[in-house]
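Accompanying notes for the structure given below.
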2 protein chains.
Amino acid sequence: MSEPAAGLNSEQLGAYFALIEVGSLLQYAVDEHLRADGDLSYVQFQILARLVDAPDGRLRMTDLADGVVYSRSGLTYQAGLLDKRGLITRAPSADDERSVMVTVTGAGRELVARVLPGHVERVRELLFASMTEADLAGLGSILGRVRDHMRAVPPRSAKPRAGRKRTG
Amino acid sequence: MSEPAAGLNSEQLGAYFALIEVGSLLQYAVDEHLRADGDLSYVQFQILARLVDAPDGRLRMTDLADGVVYSRSGLTYQAGLLDKRGLITRAPSADDERSVMVTVTGAGRELVARVLPGHVERVRELLFASMTEADLAGLGSILGRVRDHMRAVPPRSAKPRAGRKRTG
DNA sequence: TATTGTTATACTCTATAACTATA
DNA sequence: TATAGTTATAGAGTATAACAATA
């Protein structure tokens, strides 16, 4: 990597490493907080947060999996844990008997509300404390476009990110 | 999170989510490639890459752990895997008999050289393809400063504390 | 005593494949 | 046949604590 790196100049390489490192450190920090403060993994928090944001606090398993980028079985596992703790409920959908609707319970909402302040506090402290207004605008703009691009790029393996099952 | 989020404005929230998502998608993509192309996890690749960059291709276990931000035992586990595959060697340090020096082997260097082109290709395709020169300069500058800040921030109470004090 | 690293162990998480049931 | 989800299972990875050796 001290070499030209066969396609990335040193400025790109630096930005790439910084992005990976910042993302990792940030995730590590918030994950630590969520576990200590709410006994939640980051994934579990994301699931709950999505539900809290959803109309009626309800989403199909598949929609959740699409968002969290998990295998179905992985989501079933996590949903099982959240269900056991009374943070969500699961019931067959009325529209489509194959589907399962996941709903946040009051306890789930309360837990999210409880950990959210500390969560955003960490984020602000780590990510935004050292940024100017211009930095924030620039970062948001650039990363927003990058994200859109990433989502648009067809996955190499040519299958939808949602259910990536190797060989079905 | 549809609420004011108790401390982050919507611009900050958007930047935060974009950062997490971009970082995750990027890591997922390169990890997938490294496994398919070199049977390496991202962590293993990082270890090898650091060694390739180090003088004489050698580093102490502790220095590696510091860089990769893992527990010692985790690094020992990963080093064991790489050692078994002949990609690194381990030997007691001459300076300090407690230390273990890790060295990349020729096979290790070859493997890194083999996967690197595809690796950077993915990064360019996903991360840089949609960015302008100005974007790159801005992103590198901002994230570089954020990383320095994150590294400088004293880690919150490690863990043993039940209720975290020391809010600043 | 503090530091370096390994080992033993337990646990979390994720993915694959086989399965059921609905469409 | 295709889709939605669960289950069984297996494997990778990580953290903790106990440990040995060296400083």
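Any value given below was found using the heavy atoms of this structure, including those in side chains, with hydrogens, waters and symmetry copies removed. As the structure is a computational prediction, the values presented were derived from the model and not from experiment. A note on names: the letters A, B, ... follow the listed sequences, proteins ahead of strands, and every chain is numbered from 1.
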Between B/Arg50 and B/Asp53, does at least one N-O distance fall below 4.0 Å, as a salt bridge requires? no

Of the candidate nucleotides C/dC13, D/dA8, C/dT6, which contains the atom at the shortest distance from the side chain of B/Arg90? C/dT6

Would you kindly give the CG-to-C1' distance between B/Leu64 and C/dT6, to the nearest whole Å? 16 Å

Go through residues 92-104 of chain B and report each residue with a non-hydrogen atom lying under 4.0 Å from DNA chain D, sorted by number. B/Asp96, B/Glu97, B/Arg98

With distance as the sole criterion, is a donor-acceptor pair present between the side chains of B/Ser130 and A/Arg145 under 3.5 Å? no

Atom OH of A/Tyr42 and atom P of C/dC13: how far apart are they, to the nearest Å? 15 Å

Note: with side-chain heavy atoms under 4.5 Å as the link, the other cluster members for A/Tyr77 come out as A/Leu81

Atom NZ of B/Lys84 and atom C1' of C/dT6 are separated, to the nearest Å, by 14 Å

From OH of A/Tyr77 over to C1' of D/dA10, roughly how many Å is that when rounded to an integer? 14 Å

Could you check whether the side chain of B/Thr76 and the base of C/dT7 have a donor-acceptor pair of N or O atoms closer than 3.5 Å, going by distance alone? no

What is the distance from CZ of B/Arg60 to C1' of D/dA21, rounded to the nearest Å? 15 Å

Taken to the nearest whole Å, CZ/B/Arg72 to P/C/dA2 is 15 Å

Is the closest side-chain donor-acceptor distance between A/Thr105 and A/Glu110 under 3.5 Å? no

Any side-chain N or O of A/Arg35 below 4.0 angstrom from OP1/OP2 of C/dC11? no

Taking for each residue the nucleotide of DNA chain C bearing the nearest heavy atom, is the 5' side occupied by B/Leu75 or by A/Gln78? B/Leu75

Would you compute the distance between atom CG of A/Leu13 and atom CZ of B/Phe128 and round it to the nearest 0.5 angstrom? 8.0 Å

Taking CG from A/Asp63 and C1' from D/dT3, how many angstroms apart are they, rounded to a whole number? 13 Å

What is the distance, to the nearest angstrom, from the CD1 atom on B/Ile47 to the P atom on D/dA12? 16 Å

Do the ring planes of B/Tyr42 and B/His119 sit parallel (below 30°), tilted (30 to 60°) or perpendicular (above 60°)? parallel

Can you see whether A/Ser41 engages A/Gln46 through a side-chain donor-acceptor pair at a distance of less than 3.5 angstrom? no

Looking at D/dG13, I'd like to know if its phosphate oxygens (OP1 or OP2) sit under 4.0 Å from a side-chain N or O belonging to B/Ser41. yes

